[in-house]
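Just so we're on the same page: letters track the sequence lines, and every chain starts at 1. Atoms considered below: every heavy atom in the structure, side chains included; atoms not considered: hydrogens, waters and symmetry mates.
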Amino acid sequence: MSIRLYDSLTRSLCELRPAQPDGIFRFYNCGPTVYAPAHIGNFRTFVVNDIIRRLLELEFGANKVKHVRNLTDVDDKTIKRARDEQRPLADVTQQWTAKFHADCASLNCLPPHVEPTATGHIPEQVDMIAVLMKKGYAYRAADGSVYFKVNSFEAYGALSRVKERELQTGSALKATAADADEKEDVSDFALWKAHKPEDGANAWDSPWGRGRPGWHIECSAMSKKHLGETIDLHTGGVDLLFPHHENEIAQSQCCNGTPFAHHWYHSEHLLVDGKKMSKSLGNLYTLDELVAKGFSPMALRYALLTGHPRKQLSFSLDSLHAAESALKTLRTYRAALDGRSRAEATTIFAPIFTALADDLNIPGAFGALFTIVHRGPAGVDLAAFDRVLFALGFQLDALDLPPVEAPTAIVALAAKRWAAKQAKDFAGADALRQELTAAGWNMKDAKDGYSLEPLKQ
RNA sequence: GGCGCGGUAGCCAAGUGGUAAGGCCGAGCUCUGCAAAAGCUCUAUCGGCGGUUCGAUUCCGCCCCGCGCCUCCA
């Protein structure tokens, strides 16, 4: 199987393969800014990237993939959060890093091999900026900040086709750039930001004075350090395509004089009520909120994968209900497999891998999966099915949420109903069941007892 | 204004130049006092109008509608 994936730069499908002779596939995925809980739109990207990681491992071998995902732990948002809460920056970023890790774990995302932080790579960033200054690609402005001179890089705009757009009067860029007055050109972007009072203690020394790195340079520096000058695949959400990734290319290629990434991939946004999630629209969900509503993280993982990654995906609580049901079907199916090895039957799941390797057609893979499931478990090799589950990252035993303790009133109602049923008072039992349903609980009868479970919202 | 993406059953969502996967919901059925669980069955002609073609949902043109990026947003 060879993995073909859309490349944002050439706008075509290209095969993924390691370029270096060591055969190691170098994979860099832009990570989160750790100042708040990531929302599920963020997690769509990370879950999709987790599928990429898993496919790469299946294709090249687990020890032939190096996956790096950064943590942005110094920027306007993290600093503001620390200032608002009157806490040290590191305190805040460590808190939200831990939360991010916990969420990723419950979504069953494989941890990256290296997870570098911006604050942990200040010298590397300074070094790159120094080279850019020396080569004439950057300049120090009157405010003490260092900017990248966009028009010094011929190829600028290749990724986003920025040269095809007119930066006309009144464009958002011109109107709102806070540092517009300092820069030689509105398109220039900060490599090093001179210290401002509101930055507080969050400043580092540099040849250009105290300050902090700009956003884009961290990825250039960290990917270079951990993966080398040229990487095989660089990914992120579509909103990073411009300017973030465009700027990364400019910095890295001007500094190193070598190609930055062979392949670029961007996943599309998760939509709620037809719109991208945002705080201002109030349509933002976090994993914790969904778990509080009774949904399992695995259901969210499933729901986030129901659309093609390069297409916007509509999310709703209904999609979580659908996901729970679909996953239960898979769990039931797996439980029905007898575990007997059937080497001759391991290829029945091939259509699933074919779909995945064909530009990450995950919905297509789901379709193939359920088509196979409906043929029944007879003669199916358990290990082969588990490889499918690995590729998709589904942990079916994680589906069951810890049992919820019912309130005493509910317990009493249930006991009463059970007694009525034992006495063959079915009318009374039914009435009590209705009371329980109205109270938000379902009573599951068994031969010799019963259990209670809360109805989902 | 520039760049890009999309409009497929009640909802979500694949896909192909030759009469449209899959999931959910709903309905019916099997099982079961009821409910649940499990299983089976059923439900679309693909935004609109033209064009190319033996034939288009799939290619081309126009139109309508929606979304994203152009602001340190995944």
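- Protein atom CG of A:Leu327 is 14 Å distant from nucleotide atom C1' of B:rG22, rounded to whole Å.
- Residue A:Asp445 places a side-chain atom within donor-acceptor reach of the base of B:rC34, judged by atom type and a 3.5 Å distance cut-off alone.
- The nucleotide B:rC40 finds its pairing partner in B:rG28, both defining distances of the Watson-Crick or G-U wobble pair being shorter than 3.5 Å.
- Residue A:Lys276 places a side-chain atom within donor-acceptor reach of the base of B:rC73, judged by atom type and a 3.5 Å distance cut-off alone.
- Between B:rC34 and B:rA13, the two P atoms lie 38 Å apart (nearest whole Å).
- Across the protein-nucleic acid pair, A:Asn442 atom CG and B:rA37 atom P stand 8 Å apart, rounded to whole Å.
- Of all nucleotides listed (B:rA35, B:rA13, B:rC69), B:rA13 comes nearest to the side chain of A:Ser314.
- Base pairing of B:rC34 is not made with any nucleotide, judged by Watson-Crick or G-U wobble geometry with both donor-acceptor distances under 3.5 Å.
- Side-chain N/O atoms of A:Thr306 include none lying less than 4.0 angstrom from OP1 or OP2 on B:rC12.
- Residue-level contact check: A:Leu241 touches neither bases nor backbone, having no heavy atom under 4.0 Å from any strand.
- Taking only side-chain atoms of A:Ala322, from C-beta outward, the nucleotide of B:rA21, B:rA74, B:rC24 with the closest atom is B:rC24.
- The side chain of A:Pro363 sits closest to B:rA13 out of B:rU71, B:rG68, B:rA13.
- Per the geometry, OH belonging to A:Tyr302 stands 10 Å off C1' belonging to B:rC12, to the nearest Å.
- Stacking of the aromatic ring of A:Phe370 onto the base of B:rG22 is not found under the criterion of centres within 5.5 Å and planes under 30°.
- Base-pair partner of B:rC69: B:rG2 (Watson-Crick or G-U wobble, both distances under 3.5 Å).
- Taking only side-chain nitrogens and oxygens, A:Arg161 never comes nearer than 4.0 Å to OP1 or OP2 of B:rG4.
- In this structure, A:Leu270 reaches the bases: a heavy-atom distance under 4.0 Å links it to at least one base atom across the strands shown.
- As judged by a 4.0 angstrom heavy-atom cut-off over every strand, A:His216 is placed among residues making no nucleic acid contact.
- When the side-chain nitrogen and oxygen atoms of A:His266 are compared with OP1 and OP2 of B:rC5, none of them lie within a distance under 4.0 Å.
- For B:rG33, its base sits under 3.5 Å from the side chain of A:Arg417 at one donor and acceptor pair at least.
- Taking only side-chain nitrogens and oxygens, A:Asn361 comes nearer than 4.0 Å to OP1 or OP2 of B:rG15.
- Cation-pi check for A:Arg44 over A:Phe315 is not met; the charged atom does not lie both under 6.0 angstrom from the ring centroid and within 45 degrees of its normal.
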Point to revise | From CA spacing to verdict: side-chain hydrogen bond (donor to acceptor under 3.5 Å, both in side chains), A:Asn70, A:Tyr28 | key: CA-CA 8 Å; A:Asn70 67 294; A:Tyr28 188 94; 3.2 Å; yes
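- Minimum atom distance to the side chain of A:His308 is reached by B:rA14, of the listed B:rA14, B:rC69, B:rG23.
- Distance CD (A:Glu453) to C1' (B:rA36): 8 Å, rounded to an integer number of Å.
- Candidate nucleotides B:rA74, B:rG23, B:rA36 were compared by shortest atom distance to the side chain of A:Arg44, and B:rA74 ranks first.
- Checking the phosphate oxygens (OP1, OP2) of B:rA14, a side-chain nitrogen or oxygen of A:Lys311 falls inside 4.0 Å.
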